[in-house]
Number of protein chains: 2
Amino acid sequence: MTGDRATATLDLLLEISTLLATDMRRDLQARGLTAARTHLLWVLHHAGPATQRGLADALQVSPRNVTGLVDALVDTGFVTRTPHPGDRRAVLVELTGKGRALTEGLVGEHRQLAGQLLGDLPAADLARLSAGLEHVADKLRPLVPGDEMGGHRA
Amino acid sequence: MTGDRATATLDLLLEISTLLATDMRRDLQARGLTAARTHLLWVLHHAGPATQRGLADALQVSPRNVTGLVDALVDTGFVTRTPHPGDRRAVLVELTGKGRALTEGLVGEHRQLAGQLLGDLPAADLARLSAGLEHVADKLRPLVPGDEMGGHRA
DNA sequence: TATTGTTATACTCTATAACTATA
DNA sequence: TATAGTTATAGAGTATAACAATA
């Protein structure tokens with residue numbers, strides 16, 4: 001039955017999700033980072049300096065939560081808070097050299113992981129896998145309103 | 001370049017992971033359940049009554065953590081604690097009628113979601129997607145030691 | 001009056017360590 | 001001596017509400 005095949009495929013997708021999350025979390029932990037803090041660094045890496053308000057929107061998380069994450073990342077030297085020029089209420093959060101080194105390292109590891117998981121798949125198979133995943137993502141995106149962060153994840 | 005194609009495919013996989021997690025969490029929250037508690041119910045659904053020790057092993061989480069999760073699920077009426085016949089140190093955790101109704105509902109919704117995401121994919125495409133995902137899972141499983149829970153996730 | 005970020009408070013998941021009751 | 005589960009303590013992520021400074 002096709003229905004069972006679909007269910008088994010969704011199961012596979014969920015298993016892979018868990019495995020990927022576990023694998024990445026372990027790598028980050030070794031460097032003293034959590035998933036939430038890394039996600040914030042990742043947003044800064046892609047978007048450049050941002051206000052905490054902007055980060056809260058990007059991460060879809062409360063402003064109060066951002067305060068805590070930025071506090072921790074300042075303490076550990078990954079980001080700095082500087083006054084916002086032109087709005088004295090706001091601060092600009094930006095990556096330090098250490099922060100930039102980290103996110104650039106992540107890009108490389110990300111690429112390496114992609115190679116490890118998909119590198120020996122024939123190009124035609126990779127294209128078909130990609131197409132299948134696009135199909136799934138297209139169905140899924142409308143189910144989760146207020147996404148916009150597609151891909152920006154560590 | 002093939003490398004970039006692989007990276008883009010991994011990105012897609014990560015985006016889908018996030019979307020799936022968000023979608024499922026929202027559904028559960030509406031019923032007063034968190035991901036961790038639901039995961040425990042899911043294990044009971046598949047394995048039947050279990051000791052807290054057994055649950056800790058299955059969930060790969062500390063015994064102390066299980067105490068808290070079971071406390072909450074007892075309070076909300078999803079499981080019961082009964083004395084273990086034959087070992088007076090241990091307790092058996094089992095689903096109540098409410099708990100069973102919930103997990104059975106999850107099975108149905110899971111199937112429905114699979115149909116929604118994959119139902120209109122031609123059988124051949126579904127088979128190729130499935131094969132591609134199997135390839136990824138095969139590469140990924142050895143990277144995450146002590147898994148064994150493949151598929152058992154809510 | 002609205003917005004930015006903070007303090008105050010609280011809940012959940014998670015962990016380790018020490019302890020009790022049993023094996 | 002080892003195991004099952006609890007109490008004690010702690011850290012991280014998350015949220016809402018009230019508040020200060022600024023727009």
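Per chain, numbering begins at 1; letters A, B, ... match sequence-line order.
Look at S62(B) and you won't find any side-chain N or O under 4.0 angstrom from OP1 or OP2 of dT14(C). The phosphate of dT12(C) (OP1 or OP2) has no side-chain N or O of T34(B) nearer than 4.0 angstrom. Dashed line: the shortest gap from a side-chain N or O of Q52(B) to OP1 or OP2 of dT6(D) is under 4.0 Å.
The aromatic rings of H45(A) and W42(A) lie parallel to each other, their planes meeting at an angle below 30°, with 60° marking the opposite boundary.
Distance R25(A) CZ to dC13(C) P: 15 Å, rounded to the nearest Å. Rounded to whole Å, the distance from CG on D87(B) to P on dA23(C) is 5 Å. In this structure, R89(A) places its CZ atom 9 Å from C1' of dA21(D), rounding to the nearest Å. Regarding H39(B), its NE2 atom lies at a distance of 19 Å from the P atom of dT12(C), rounded to whole Å. For N65(B) and dG13(D), the CG to C1' distance is 14 Å, given to the nearest whole Å. Between the CZ atom of R37(B) and the P atom of dT14(D) there is a distance of 17 Å, rounded to whole Å. The CG-C1' distance, from L73(A) to dG11(D), rounds to 15 Å in whole Å. Between the CZ atom of R64(B) and the P atom of dG11(D) there is a distance of 16 Å, rounded to whole Å.
Residue V66(A) is classed as having no contact, given no heavy-atom separation below 4.0 Å to the nucleic acid.
Atom NZ of residue K139(B) and atom CG of residue L113(A) lie 12.0 Å apart, to the nearest 0.5 angstrom. Atom CZ in R100(A) sits 10.5 Å away from atom CG in L44(A) (nearest 0.5 Å). The distance from atom CD1 of I16(B) to atom CG of L133(A), rounded to the nearest 0.5 Å, is 4.5 Å.
Which of dT14(C), dG5(C), dG13(D) sits closest to the side chain of A36(B) comes down to dT14(C). Of the listed nucleotides (dA15(D), dT22(D), dT22(C)), dT22(C) has the atom at the smallest distance from the side chain of R88(B). Side-chain atoms of A90(B) lie closest to dG5(D) of the nucleotides dT4(C), dG5(D), dT14(D).
Along DNA chain D, the nucleotide nearest T51(B) and the nucleotide nearest V61(A) are compared for position; the residue whose nucleotide lies closer to the 5' end is T51(B).
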- Item | salt bridge (Lys or Arg N to Asp or Glu O under 4.0 Å) assessment of D27(B) paired with R31(B) | CA-CA 7 Å; D27(B) 286 355; R31(B) 280 177 283 196; 5.5 Å; no
